[in-house]
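Step one of this worksheet: look at the structure below.
Numbers restart at 1 for each chain; the letters A, B, ... are given by sequence-line order, proteins then strands.
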There are 2 protein chains.
Amino acid sequence: MSPQETAPGPAQTPRRSKITPERAQEFYAAVLDMLRESGYEALTMEGVASRTRCGKSTLYRQWGSKPELVVAALHGTRQALLPHIDTGSLAGDLREAARAIGAGSGRDTPLMHALSHAALQSPELLCALREALILPGLATIDDMVRRGAERGEIPADNPAAEFVSAQLLGAMRARPLLEGKYADEVYLTRFVDNAILPSLGLGASSA
Amino acid sequence: MSPQETAPGPAQTPRRSKITPERAQEFYAAVLDMLRESGYEALTMEGVASRTRCGKSTLYRQWGSKPELVVAALHGTRQALLPHIDTGSLAGDLREAARAIGAGSGRDTPLMHALSHAALQSPELLCALREALILPGLATIDDMVRRGAERGEIPADNPAAEFVSAQLLGAMRARPLLEGKYADEVYLTRFVDNAILPSLGLGASSA
DNA sequence: GCGTATCGGTACACTGGCGTATCGAAGACC
DNA sequence: GGTCTTCGATACGCCAGTGTACCGATACGC
(Lines give C-alpha, C1' and ligand atoms only; values in the text may rest on other atoms or scores of the structure.)
Protein backbone atom coordinates (compact mmCIF):
# COMPACT_ATOMS: atom_id res chain seq x y z
CA MET A 1 0.00 0.00 0.00
CA SER A 2 1.92 2.99 -1.26
CA PRO A 3 1.16 6.63 -0.51
CA GLN A 4 -0.32 6.79 -4.01
CA GLU A 5 -3.47 5.42 -2.53
CA THR A 6 -4.20 8.53 -0.52
CA ALA A 7 -2.73 10.93 -3.08
CA PRO A 8 -2.90 9.45 -6.56
CA GLY A 9 -0.22 10.38 -9.03
CA PRO A 10 -1.16 12.72 -11.85
CA ALA A 11 -0.80 9.99 -14.45
CA GLN A 12 -3.37 7.69 -12.91
CA THR A 13 -6.08 10.15 -11.94
CA PRO A 14 -6.36 13.71 -13.24
CA ARG A 15 -7.33 14.95 -9.80
CA ARG A 16 -5.36 18.03 -9.00
CA SER A 17 -4.00 17.70 -5.51
CA LYS A 18 -1.00 19.55 -4.30
CA ILE A 19 -0.51 16.91 -1.66
CA THR A 20 2.09 14.85 -3.45
CA PRO A 21 3.03 11.43 -2.11
CA GLU A 22 6.22 12.96 -0.77
CA ARG A 23 4.24 15.60 1.05
CA ALA A 24 1.97 12.91 2.47
CA GLN A 25 5.03 11.14 3.80
CA GLU A 26 6.01 14.34 5.57
CA PHE A 27 2.63 14.42 7.26
CA TYR A 28 2.87 10.79 8.25
CA ALA A 29 6.38 11.19 9.58
CA ALA A 30 5.34 14.17 11.64
CA VAL A 31 2.38 12.30 13.06
CA LEU A 32 4.48 9.31 14.06
CA ASP A 33 7.17 11.52 15.53
CA MET A 34 4.66 13.36 17.63
CA LEU A 35 3.08 10.10 18.72
CA ARG A 36 6.45 8.86 19.87
CA GLU A 37 7.13 12.07 21.73
CA SER A 38 3.87 12.61 23.52
CA GLY A 39 1.47 9.76 22.92
CA TYR A 40 -1.84 9.43 21.21
CA GLU A 41 -3.97 11.56 23.48
CA ALA A 42 -1.56 14.44 23.40
CA LEU A 43 -1.41 14.42 19.62
CA THR A 44 -3.38 17.39 18.35
CA MET A 45 -4.40 18.32 14.86
CA GLU A 46 -3.21 21.82 15.55
CA GLY A 47 0.16 20.45 16.53
CA VAL A 48 0.43 18.44 13.33
CA ALA A 49 -0.61 21.45 11.30
CA SER A 50 1.95 23.71 12.85
CA ARG A 51 4.77 21.19 12.61
CA THR A 52 4.06 20.47 8.97
CA ARG A 53 3.35 24.14 8.28
CA CYS A 54 -0.07 23.61 6.86
CA GLY A 55 -3.56 24.67 7.82
CA LYS A 56 -5.86 22.53 9.87
CA SER A 57 -8.28 22.67 6.98
CA THR A 58 -5.84 20.67 4.88
CA LEU A 59 -5.70 17.94 7.47
CA TYR A 60 -9.46 17.76 7.82
CA ARG A 61 -9.95 17.86 4.06
CA GLN A 62 -7.59 14.99 3.48
CA TRP A 63 -8.13 12.73 6.45
CA GLY A 64 -11.30 13.79 8.12
CA SER A 65 -10.30 13.37 11.75
CA LYS A 66 -7.48 12.59 14.08
CA PRO A 67 -8.05 8.83 14.35
CA GLU A 68 -8.19 8.52 10.58
CA LEU A 69 -5.01 10.52 10.21
CA VAL A 70 -3.20 8.28 12.65
CA VAL A 71 -4.43 5.13 10.93
CA ALA A 72 -3.36 6.54 7.57
CA ALA A 73 0.04 7.45 8.99
CA LEU A 74 0.52 3.90 10.23
CA HIS A 75 -0.54 2.38 6.94
CA GLY A 76 1.27 4.93 4.85
CA THR A 77 4.74 4.46 6.26
CA ARG A 78 5.27 0.77 6.00
CA GLN A 79 8.97 0.70 6.42
CA ALA A 80 10.78 -2.50 7.06
CA LEU A 81 11.15 -2.87 10.80
CA LEU A 82 13.43 -5.80 10.36
CA PRO A 83 15.73 -6.08 7.40
CA HIS A 84 15.89 -9.41 5.65
CA ILE A 85 17.91 -11.68 7.86
CA ASP A 86 19.25 -15.09 6.95
CA THR A 87 22.51 -15.97 8.61
CA GLY A 88 22.10 -19.68 8.07
CA SER A 89 21.40 -20.58 11.67
CA LEU A 90 18.46 -19.88 13.92
CA ALA A 91 20.69 -18.64 16.70
CA GLY A 92 22.44 -16.30 14.31
CA ASP A 93 19.16 -15.06 12.91
CA LEU A 94 17.73 -14.35 16.34
CA ARG A 95 20.84 -12.55 17.50
CA GLU A 96 20.79 -10.47 14.36
CA ALA A 97 17.11 -9.73 14.91
CA ALA A 98 17.86 -8.69 18.48
CA ARG A 99 20.48 -6.30 17.16
CA ALA A 100 18.12 -4.86 14.56
CA ILE A 101 15.24 -4.48 16.98
CA GLY A 102 17.49 -2.99 19.61
CA ALA A 103 18.94 -0.53 17.14
CA GLY A 104 15.46 0.56 16.12
CA SER A 105 14.03 0.44 19.61
CA GLY A 106 14.22 4.18 19.93
CA ARG A 107 11.89 4.34 16.95
CA ASP A 108 9.44 1.50 17.28
CA THR A 109 9.15 0.92 20.98
CA PRO A 110 7.90 4.42 21.80
CA LEU A 111 5.44 4.14 18.97
CA MET A 112 4.04 0.89 20.26
CA HIS A 113 4.03 2.32 23.73
CA ALA A 114 2.17 5.38 22.61
CA LEU A 115 -0.46 3.46 20.72
CA SER A 116 -0.94 0.30 22.72
CA HIS A 117 -3.51 1.69 25.07
CA ALA A 118 -5.40 3.74 22.54
CA ALA A 119 -5.44 0.72 20.25
CA LEU A 120 -7.28 -1.36 22.80
CA GLN A 121 -10.14 1.11 22.66
CA SER A 122 -10.37 1.52 18.92
CA PRO A 123 -10.58 -1.53 16.66
CA GLU A 124 -9.38 0.38 13.60
CA LEU A 125 -6.36 1.63 15.45
CA LEU A 126 -5.57 -1.80 16.83
CA CYS A 127 -5.81 -3.24 13.36
CA ALA A 128 -3.55 -0.60 11.89
CA LEU A 129 -1.05 -0.98 14.69
CA ARG A 130 -0.90 -4.71 14.23
CA GLU A 131 -0.60 -4.54 10.47
CA ALA A 132 2.00 -1.81 10.46
CA LEU A 133 4.16 -2.68 13.45
CA ILE A 134 3.37 -6.06 14.91
CA LEU A 135 2.63 -8.51 12.14
CA PRO A 136 5.59 -7.80 9.86
CA GLY A 137 8.04 -8.36 12.66
CA LEU A 138 6.06 -11.32 13.86
CA ALA A 139 6.18 -12.93 10.44
CA THR A 140 9.90 -12.32 10.17
CA ILE A 141 10.58 -14.00 13.49
CA ASP A 142 8.26 -16.89 12.80
CA ASP A 143 9.97 -17.38 9.46
CA MET A 144 13.31 -17.66 11.16
CA VAL A 145 11.95 -20.28 13.50
CA ARG A 146 10.36 -22.17 10.63
CA ARG A 147 13.58 -22.19 8.66
CA GLY A 148 15.44 -23.37 11.73
CA ALA A 149 13.00 -26.23 12.09
CA GLU A 150 13.37 -27.10 8.41
CA ARG A 151 17.11 -27.24 8.84
CA GLY A 152 16.60 -29.55 11.77
CA GLU A 153 18.09 -27.21 14.33
CA ILE A 154 15.02 -27.60 16.47
CA PRO A 155 12.24 -30.16 16.36
CA ALA A 156 9.29 -29.14 14.22
CA ASP A 157 7.00 -29.44 17.21
CA ASN A 158 9.26 -27.63 19.66
CA PRO A 159 6.73 -26.25 22.13
CA ALA A 160 8.72 -23.08 22.73
CA ALA A 161 8.76 -22.18 19.05
CA GLU A 162 5.42 -20.44 19.03
CA PHE A 163 6.48 -18.19 21.90
CA VAL A 164 9.66 -16.79 20.41
CA SER A 165 8.05 -13.71 18.94
CA ALA A 166 6.01 -13.15 22.07
CA GLN A 167 9.18 -13.37 24.13
CA LEU A 168 10.97 -10.80 22.01
CA LEU A 169 8.04 -8.45 21.92
CA GLY A 170 7.54 -9.00 25.63
CA ALA A 171 11.13 -8.12 26.38
CA MET A 172 10.74 -4.90 24.44
CA ARG A 173 7.67 -3.99 26.44
CA ALA A 174 8.75 -5.24 29.83
CA ARG A 175 12.10 -3.57 30.21
CA PRO A 176 10.90 0.02 30.25
CA LEU A 177 8.77 -0.81 33.26
CA LEU A 178 11.39 -2.92 34.99
CA GLU A 179 14.42 -0.78 34.45
CA GLY A 180 13.05 2.45 33.09
CA LYS A 181 14.76 2.32 29.72
CA TYR A 182 14.07 0.83 26.36
CA ALA A 183 15.39 -2.56 25.44
CA ASP A 184 18.55 -1.89 23.50
CA GLU A 185 20.84 -4.09 21.47
CA VAL A 186 22.86 -5.27 24.43
CA TYR A 187 19.85 -6.22 26.49
CA LEU A 188 18.01 -7.97 23.69
CA THR A 189 21.10 -9.90 22.66
CA ARG A 190 21.58 -11.12 26.20
CA PHE A 191 17.91 -11.96 26.33
CA VAL A 192 18.13 -14.03 23.17
CA ASP A 193 21.25 -15.82 24.34
CA ASN A 194 20.16 -16.45 27.89
CA ALA A 195 16.42 -16.94 27.64
CA ILE A 196 15.10 -17.57 24.15
CA LEU A 197 17.77 -19.87 22.79
CA PRO A 198 17.79 -22.02 25.94
CA SER A 199 14.02 -22.26 25.82
CA LEU A 200 14.38 -23.71 22.34
CA GLY A 201 16.95 -26.15 23.58
CA LEU A 202 19.77 -24.34 21.83
CA GLY A 203 22.75 -23.80 24.12
CA ALA A 204 24.36 -20.40 24.13
CA SER A 205 27.37 -21.94 22.43
CA SER A 206 25.49 -23.07 19.33
CA ALA A 207 26.28 -20.08 17.16
CA MET B 1 2.21 2.79 53.95
CA SER B 2 -1.33 2.57 55.22
CA PRO B 3 -4.19 4.89 54.35
CA GLN B 4 -3.70 6.40 57.81
CA GLU B 5 -0.99 8.52 56.29
CA THR B 6 -3.37 10.51 54.16
CA ALA B 7 -6.19 10.42 56.67
CA PRO B 8 -4.75 10.10 60.15
CA GLY B 9 -6.72 8.22 62.74
CA PRO B 10 -8.37 10.19 65.52
CA ALA B 11 -6.06 8.73 68.14
CA GLN B 12 -2.89 10.00 66.51
CA THR B 13 -3.95 13.46 65.44
CA PRO B 14 -7.05 15.27 66.67
CA ARG B 15 -7.73 16.63 63.20
CA ARG B 16 -11.34 16.23 62.33
CA SER B 17 -11.61 14.75 58.89
CA LYS B 18 -14.64 13.00 57.65
CA ILE B 19 -12.54 11.18 55.13
CA THR B 20 -12.01 8.01 57.06
CA PRO B 21 -9.44 5.51 55.85
CA GLU B 22 -12.30 3.40 54.56
CA ARG B 23 -13.62 6.33 52.60
CA ALA B 24 -10.16 6.95 51.20
CA GLN B 25 -10.08 3.36 50.03
CA GLU B 26 -13.33 3.97 48.19
CA PHE B 27 -11.74 6.90 46.39
CA TYR B 28 -8.68 4.89 45.52
CA ALA B 29 -10.70 1.95 44.29
CA ALA B 30 -12.78 4.22 42.10
CA VAL B 31 -9.70 5.86 40.65
CA LEU B 32 -8.08 2.54 39.81
CA ASP B 33 -11.30 1.20 38.35
CA MET B 34 -11.65 4.19 36.11
CA LEU B 35 -8.03 3.96 35.09
CA ARG B 36 -8.57 0.36 34.08
CA GLU B 37 -11.66 1.23 32.13
CA SER B 38 -10.53 4.27 30.22
CA GLY B 39 -6.88 5.02 30.86
CA TYR B 40 -5.03 7.82 32.49
CA GLU B 41 -5.84 10.63 30.08
CA ALA B 42 -9.53 9.91 30.15
CA LEU B 43 -9.64 9.94 33.93
CA THR B 44 -11.31 13.14 35.05
CA MET B 45 -11.68 14.61 38.46
CA GLU B 46 -15.32 15.22 37.70
CA GLY B 47 -15.71 11.57 36.87
CA VAL B 48 -14.12 10.51 40.13
CA ALA B 49 -16.28 12.96 42.04
CA SER B 50 -19.47 11.75 40.49
CA ARG B 51 -18.63 8.06 40.90
CA THR B 52 -17.70 8.49 44.53
CA ARG B 53 -20.57 10.90 45.11
CA CYS B 54 -18.47 13.69 46.41
CA GLY B 55 -17.73 17.21 45.35
CA LYS B 56 -14.73 18.13 43.27
CA SER B 57 -13.74 20.42 46.11
CA THR B 58 -13.19 17.41 48.33
CA LEU B 59 -10.82 15.86 45.81
CA TYR B 60 -8.84 19.05 45.36
CA ARG B 61 -8.77 19.68 49.10
CA GLN B 62 -7.38 16.25 49.85
CA TRP B 63 -5.11 15.53 46.92
CA GLY B 64 -4.50 18.76 45.11
CA SER B 65 -4.55 17.52 41.56
CA LYS B 66 -5.17 14.57 39.34
CA PRO B 67 -1.60 13.26 39.19
CA GLU B 68 -1.32 13.38 42.95
CA LEU B 69 -4.61 11.59 43.35
CA VAL B 70 -3.48 8.81 41.05
CA VAL B 71 -0.17 8.44 42.81
CA ALA B 72 -1.96 8.32 46.16
CA ALA B 73 -4.37 5.73 44.80
CA LEU B 74 -1.50 3.53 43.72
CA HIS B 75 0.30 3.88 47.00
CA GLY B 76 -2.82 3.60 49.05
CA THR B 77 -4.08 0.30 47.78
CA ARG B 78 -1.12 -1.94 48.17
CA GLN B 79 -2.89 -5.19 47.89
CA ALA B 80 -0.99 -8.38 47.38
CA LEU B 81 -0.82 -9.00 43.66
CA LEU B 82 0.54 -12.46 44.21
CA PRO B 83 -0.43 -14.51 47.21
CA HIS B 84 2.34 -16.25 49.05
CA ILE B 85 3.34 -19.19 46.94
CA ASP B 86 5.61 -22.00 47.99
CA THR B 87 4.78 -25.32 46.43
CA GLY B 88 8.19 -26.79 47.09
CA SER B 89 9.40 -26.74 43.51
CA LEU B 90 10.30 -23.92 41.18
CA ALA B 91 8.17 -25.31 38.39
CA GLY B 92 5.22 -25.61 40.73
CA ASP B 93 5.75 -22.11 42.04
CA LEU B 94 5.91 -20.61 38.57
CA ARG B 95 2.84 -22.48 37.39
CA GLU B 96 1.00 -21.29 40.45
CA ALA B 97 2.19 -17.75 39.83
CA ALA B 98 0.99 -18.00 36.23
CA ARG B 99 -2.41 -19.04 37.51
CA ALA B 100 -2.55 -16.22 40.02
CA ILE B 101 -1.39 -13.61 37.55
CA GLY B 102 -3.75 -14.90 34.91
CA ALA B 103 -6.65 -14.89 37.33
CA GLY B 104 -5.86 -11.31 38.27
CA SER B 105 -5.02 -10.25 34.74
CA GLY B 106 -8.36 -8.59 34.35
CA ARG B 107 -7.37 -6.42 37.26
CA ASP B 108 -3.67 -5.69 36.98
CA THR B 109 -2.95 -5.86 33.29
CA PRO B 110 -5.37 -3.11 32.32
CA LEU B 111 -3.97 -0.98 35.09
CA MET B 112 -0.43 -1.41 33.89
CA HIS B 113 -1.59 -0.83 30.38
CA ALA B 114 -3.40 2.33 31.31
CA LEU B 115 -0.48 3.76 33.22
CA SER B 116 2.56 2.57 31.34
CA HIS B 117 2.62 5.40 28.86
CA ALA B 118 1.69 8.15 31.25
CA ALA B 119 4.30 6.82 33.64
CA LEU B 120 7.08 7.35 31.13
CA GLN B 121 6.29 11.04 31.12
CA SER B 122 5.99 11.56 34.85
CA PRO B 123 8.72 10.34 37.18
CA GLU B 124 6.42 10.34 40.19
CA LEU B 125 3.90 8.22 38.40
CA LEU B 126 6.54 5.82 37.14
CA CYS B 127 7.85 5.47 40.65
CA ALA B 128 4.42 4.83 42.09
CA LEU B 129 3.59 2.36 39.37
CA ARG B 130 6.76 0.42 39.95
CA GLU B 131 6.41 0.40 43.71
CA ALA B 132 2.76 -0.54 43.69
CA LEU B 133 2.50 -2.96 40.79
CA ILE B 134 5.85 -3.99 39.42
CA LEU B 135 8.30 -4.45 42.26
CA PRO B 136 6.17 -6.57 44.59
CA GLY B 137 5.48 -9.08 41.86
CA LEU B 138 9.06 -8.91 40.72
CA ALA B 139 10.31 -9.68 44.19
CA THR B 140 7.93 -12.59 44.53
CA ILE B 141 9.11 -14.14 41.28
CA ASP B 142 12.76 -13.55 42.02
CA ASP B 143 12.26 -15.15 45.40
CA MET B 144 10.87 -18.25 43.78
CA VAL B 145 13.87 -18.46 41.51
CA ARG B 146 16.23 -17.92 44.41
CA ARG B 147 14.60 -20.65 46.43
CA GLY B 148 14.78 -22.96 43.45
CA ALA B 149 18.47 -22.28 43.15
CA GLU B 150 18.98 -22.91 46.86
CA ARG B 151 17.22 -26.24 46.51
CA GLY B 152 19.56 -27.03 43.67
CA GLU B 153 16.85 -27.25 41.03
CA ILE B 154 18.75 -24.85 38.86
CA PRO B 155 22.36 -23.70 39.02
CA ALA B 156 22.88 -20.57 41.05
CA ASP B 157 24.36 -18.84 38.02
CA ASN B 158 21.70 -19.98 35.56
CA PRO B 159 21.80 -17.20 32.98
CA ALA B 160 18.07 -17.39 32.30
CA ALA B 161 17.19 -16.84 35.94
CA GLU B 162 17.38 -13.07 35.81
CA PHE B 163 14.93 -13.00 32.91
CA VAL B 164 12.13 -15.00 34.46
CA SER B 165 10.23 -12.02 35.82
CA ALA B 166 10.83 -10.04 32.66
CA GLN B 167 9.45 -12.90 30.62
CA LEU B 168 6.30 -13.17 32.70
CA LEU B 169 5.71 -9.44 32.65
CA GLY B 170 6.53 -9.40 28.96
CA ALA B 171 4.02 -12.11 28.21
CA MET B 172 1.36 -10.12 30.01
CA ARG B 173 2.17 -7.08 27.93
CA ALA B 174 2.80 -8.77 24.61
CA ARG B 175 -0.29 -10.87 24.22
CA PRO B 176 -2.81 -8.04 24.01
CA LEU B 177 -0.94 -6.74 20.99
CA LEU B 178 -0.37 -10.12 19.42
CA GLU B 179 -3.78 -11.62 19.94
CA GLY B 180 -5.92 -8.77 21.12
CA LYS B 181 -6.72 -10.18 24.53
CA TYR B 182 -5.18 -10.21 27.95
CA ALA B 183 -2.94 -13.02 29.02
CA ASP B 184 -5.14 -15.36 30.99
CA GLU B 185 -4.42 -18.37 33.14
CA VAL B 186 -4.34 -20.81 30.25
CA TYR B 187 -1.96 -18.75 28.17
CA LEU B 188 0.41 -17.93 31.00
CA THR B 189 0.52 -21.52 32.16
CA ARG B 190 1.42 -22.66 28.67
CA PHE B 191 3.98 -19.89 28.49
CA VAL B 192 5.59 -21.01 31.73
CA ASP B 193 5.61 -24.66 30.69
CA ASN B 194 6.79 -24.16 27.14
CA ALA B 195 9.06 -21.15 27.33
CA ILE B 196 10.18 -20.19 30.80
CA LEU B 197 10.82 -23.59 32.32
CA PRO B 198 12.73 -24.82 29.24
CA SER B 199 14.82 -21.64 29.31
CA LEU B 200 15.82 -22.59 32.84
CA GLY B 201 16.67 -26.08 31.74
CA LEU B 202 13.67 -27.55 33.49
CA GLY B 203 11.78 -29.96 31.26
CA ALA B 204 8.02 -29.65 31.16
CA SER B 205 7.83 -32.96 32.98
CA SER B 206 9.72 -31.81 36.06
CA ALA B 207 6.73 -30.88 38.14
C1' DG C 1 -26.92 22.14 72.78
C1' DC C 2 -23.46 25.03 70.38
C1' DG C 3 -19.69 26.33 67.71
C1' DT C 4 -16.90 24.86 64.12
C1' DA C 5 -14.81 22.71 60.45
C1' DT C 6 -15.33 19.82 56.83
C1' DC C 7 -18.31 17.74 53.61
C1' DG C 8 -21.08 17.52 49.11
C1' DG C 9 -22.81 20.27 45.48
C1' DT C 10 -22.86 23.91 42.22
C1' DA C 11 -21.47 27.93 39.72
C1' DC C 12 -17.69 30.20 37.69
C1' DA C 13 -13.66 31.64 34.87
C1' DC C 14 -10.15 29.82 32.13
C1' DT C 15 -7.82 26.87 28.98
C1' DG C 16 -7.29 24.00 25.09
C1' DG C 17 -8.58 21.10 21.50
C1' DC C 18 -12.05 19.82 17.79
C1' DG C 19 -14.18 20.64 13.65
C1' DT C 20 -16.21 24.32 10.39
C1' DA C 21 -16.23 28.36 7.67
C1' DT C 22 -14.09 31.81 5.27
C1' DC C 23 -10.59 34.12 2.58
C1' DG C 24 -6.50 35.51 -0.06
C1' DA C 25 -2.74 33.39 -2.58
C1' DA C 26 -0.60 30.27 -5.47
C1' DG C 27 -0.22 26.54 -8.43
C1' DA C 28 -2.46 23.56 -12.25
C1' DC C 29 -4.72 23.15 -16.48
C1' DC C 30 -6.39 24.75 -20.94
C1' DG D 1 -3.06 34.66 -19.75
C1' DG D 2 -7.41 33.28 -17.73
C1' DT D 3 -9.94 30.27 -14.92
C1' DC D 4 -10.44 27.16 -11.41
C1' DT D 5 -9.15 24.45 -7.67
C1' DT D 6 -6.70 23.54 -3.77
C1' DC D 7 -3.60 25.22 -0.34
C1' DG D 8 -2.33 27.72 4.06
C1' DA D 9 -3.98 30.58 7.44
C1' DT D 10 -7.12 32.45 10.62
C1' DA D 11 -11.32 33.20 13.08
C1' DC D 12 -15.15 31.12 15.14
C1' DG D 13 -18.47 28.27 17.95
C1' DC D 14 -18.58 24.41 20.70
C1' DC D 15 -17.51 21.27 24.23
C1' DA D 16 -14.95 19.26 28.01
C1' DG D 17 -11.94 19.42 31.76
C1' DT D 18 -9.25 22.04 35.32
C1' DG D 19 -9.03 24.35 39.44
C1' DT D 20 -11.39 28.06 42.50
C1' DA D 21 -15.05 30.10 45.08
C1' DC D 22 -18.99 29.90 47.44
C1' DC D 23 -22.88 27.84 50.01
C1' DG D 24 -25.97 25.15 52.87
C1' DA D 25 -25.93 20.87 55.43
C1' DT D 26 -24.08 17.91 58.64
C1' DA D 27 -21.37 15.57 61.91
C1' DC D 28 -17.97 16.12 65.42
C1' DG D 29 -15.75 18.07 69.79
C1' DC D 30 -16.62 20.40 73.83
### Query
Can you check whether A:Thr44 has a side-chain N or O nearer than 4.0 Å to OP1 or OP2 of C:dG17?
no
### Task
Could you tell me the separation between the CH2 atom of B:Trp63 and the P atom of D:dT20, rounded to a whole number of Å?
16 Å
### Task
Answer with yes or no whether the side chains of A:Ser105 and A:Asp184 bring together a donor and an acceptor at under 3.5 Å.
no
### Sidechain N-carboxylate O distance under 4.0 Å for B:Lys66, B:Glu46
no
### Summary
The nucleotide from C:dC18, D:dT20, D:dA9 with an atom nearest the side chain of A:Tyr60 is C:dC18
### Message
Using the side-chain heavy atoms of B:Gln62, tell me which of these nucleotides is nearest: D:dC7, D:dT20, C:dC7.
### Response
C:dC7
### Message
Taking the nucleotide of DNA chain D with the nearest heavy atom to each, does A:Thr58 or A:Glu46 sit closer to the 5' end?
### Response
A:Thr58
### Query
Whole-Å distance between D:dT26 P and B:Arg53 CZ?
13 Å
### Message
Heavy atoms from C-beta onward define the side chain here; which of D:dT26, D:dG17, C:dT20 lies closest to that of B:Lys18?
### Response
D:dT26
### Pairing of A:Arg146 and A:Asp143 as salt bridge, 4.0 angstrom limit
yes
### Query
Side chain of A:Ser57: nearest nucleotide among C:dC18, D:dT18, D:dA9?
D:dA9
### Face-on cation placement of B:Arg175 at B:Tyr182 ring, 6.0 Å and 45° thresholds
no
### Task
Return the orientation label for the B:His113 and A:His117 ring planes: parallel under 30°, perpendicular over 60°, tilted otherwise.
tilted
### Message
What I want to check is whether an N or O donor and acceptor connect the side chain of A:Lys56 with the base of D:dG8 at under 3.5 Å.
### Response
no
## Note on the structure
Contacts of B:Cys54 and A:Met45 projected onto DNA chain C by closest heavy atom; the upstream (5') one is B:Cys54
### Task
Would you please enumerate the stems DNA chain D participates in, each stem being three or more consecutive Watson-Crick or G-U wobble pairs with both distances under 3.5 Å?
C:1-30 with D:1-30
### Task
Kindly say if A:Arg23 contacts the phosphate of D:dG8, meaning a side-chain N or O under 4.0 Å from OP1 or OP2.
yes
#### Entry: Between P of C:dG17 and CZ of A:Arg51, the distance in whole Å
14 Å
### Query
CG of B:Leu69 versus C1' of D:dT18: gap in Å, rounded?
14 Å
### N-O pairing of B:Arg36 and B:Asp33 below 4.0 Å
yes
### Task
Please tell me which of B:Arg61 and B:Ser65 maps to the more 5' nucleotide of DNA chain D, matching each residue to the nucleotide holding its nearest heavy atom.
B:Ser65
### Nearest-angstrom distance from the residue atom CD of A:Glu26 to P of D:dC7
14 Å
### Ion pair B:Arg147/B:Glu150, N-O distance below 4.0 Å
no
#### Entry: Length of the CG-C1' vector between A:Leu59 and D:dA9, whole Å
12 Å
### Message
Using a heavy-atom cut-off of 4.0 Å across all strands, would you classify A:Leu43 as base, sugar-phosphate, or nothing?
### Response
sugar-phosphate
